[in-house]
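Single-structure report; data block below.
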Amino acid sequence: MTVRVGVLGATGAVGQRLIQLLDPHPEFEIAALTASESSAGKTYKEAAKWRVNSPIPEDVAGLEVHATDPESVPDDVDLIFSSLPSSVGAEVEPGFCEAGYVVSSNSSNGRMDEDVPLIIPEVNADHVDLLEVQRDERGWDGALLKNPNCSTITMVPPLAGLDREFNLTDVRVSTLQAVSGAGYSGVSSMEIIDNAIPHIGGEEQKMESESRKLLGSFDGAEVHLNEMDVAASCNRIPTLDGHLENVWADTAEDISTADAEAAMESVTGVDLPSSPEKLITVFEEPDRPQPRLDRNIDNGMGVAVGGFRETTDGVQFNCLAHNTMRGAAGASVLNGELLNKRGYL
Ligand SMILES: N[C@@H](CC=O)C(=O)O
């Protein structure tokens, strides 16, 4: 049965990607769009400055955009995708859940809340049942589930393979993040052309905390954070899409580069429409993965790894994923598919 879905923040960069992915989706049908007050009452085509590299879907172009409040969204919408600025998400998402809507959110508010599942389906799908605890505690008919930050999503699948086989103790990561991560008006051309910016506000803290939650264990009542120590340094570079990351991972057990590659490849896709079969592609060429060449791997939903070297206490590698697909809109859609499959809608 087709699931009727709504998109909050539909005119933004991630909102547009969501529409691109949801329009042809085999399980979902776009039924409601919301944006800021200034867009309410306009058609989507009038309200959105469409910047995605495929035409605006015809059946979406004429839909009316509503204000972002639960009263504006029809009751027969079963699932809401949210890509709101975090301050707005914090204000409105709980109201949607209280009104009975199930929300798959890309916004960063609430990701570390104890009763909010933070999910990458190929890594920790079992955490979704934290929603039972959330519903009990908050008295919601709806539910709130989050995907992680784009730079965290890039490194966690390969780390999951290492942790399962060899127990991670320390992770150090330095990122080279594309400008699309900051949105259309995030970084000006004068700031980023011929430059690199060694600061992305709040990003390091997100990588350090979210990765420990994703690789933590769920005992049916709460998620216990993984005990590994994570330190991140985040940098913006002038690529358009695709976050590249240099990772140093220390393990409790001895590990060779071949062991590391095999452990990562054991983290495969899951049985959901947007999950790639393979998930992690290992490159043997020392100069891969690269953003321009490899960000669209598995329709932008794969993770590419390479550049393996043994270190004193573990292994060093590079990883790359498409930040607005696997790292944002695609991640939310995948979580929506999980919610549907697990009967939460
Ligand atoms: N916070 C991230 C968003 C992901 O693309 C960034 O700034 O790059």
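All ligand and atom numbering here is 1-based and tracks the order in the structure. Bear in mind the structure is a predicted one, so any value in this text is a computation, not a measurement.
Under a 4.0 Å N-O distance rule, the pair R172/D229 qualifies as a salt bridge.
Here the straight-line distance linking atom CG of D259 with atom CG of D254 works out to 9.0 Å at 0.5 Å rounding.
Annotation: ring-ring contact (aromatic ring centres under 6.0 Å, His included) contacts involving residues 77-100, sequence neighbours excluded, comprise F28-F81, F96-Y101.
Within 4.0 Å of ligand 1, protein heavy atoms belong to N149, C150, Q177, G181, I200, E203, R236, H243, N323, listed by chain and number.
Contact check for I30 versus H25: no side-chain heavy atoms found under the 4.5 Å cut-off.
Within 6.0 Å of CZ in R309 there are 12 or fewer heavy atoms belonging to other residues, nucleotides or ligands.
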Q.
Between D113 and K146, is the salt bridge (charged side-chain N to carboxylate O under 4.0 Å, His left out) condition met? List the steps.
A. CA-CA 10 Å; D113 287 2; K146 296 273 169 176; over 6 Å; no
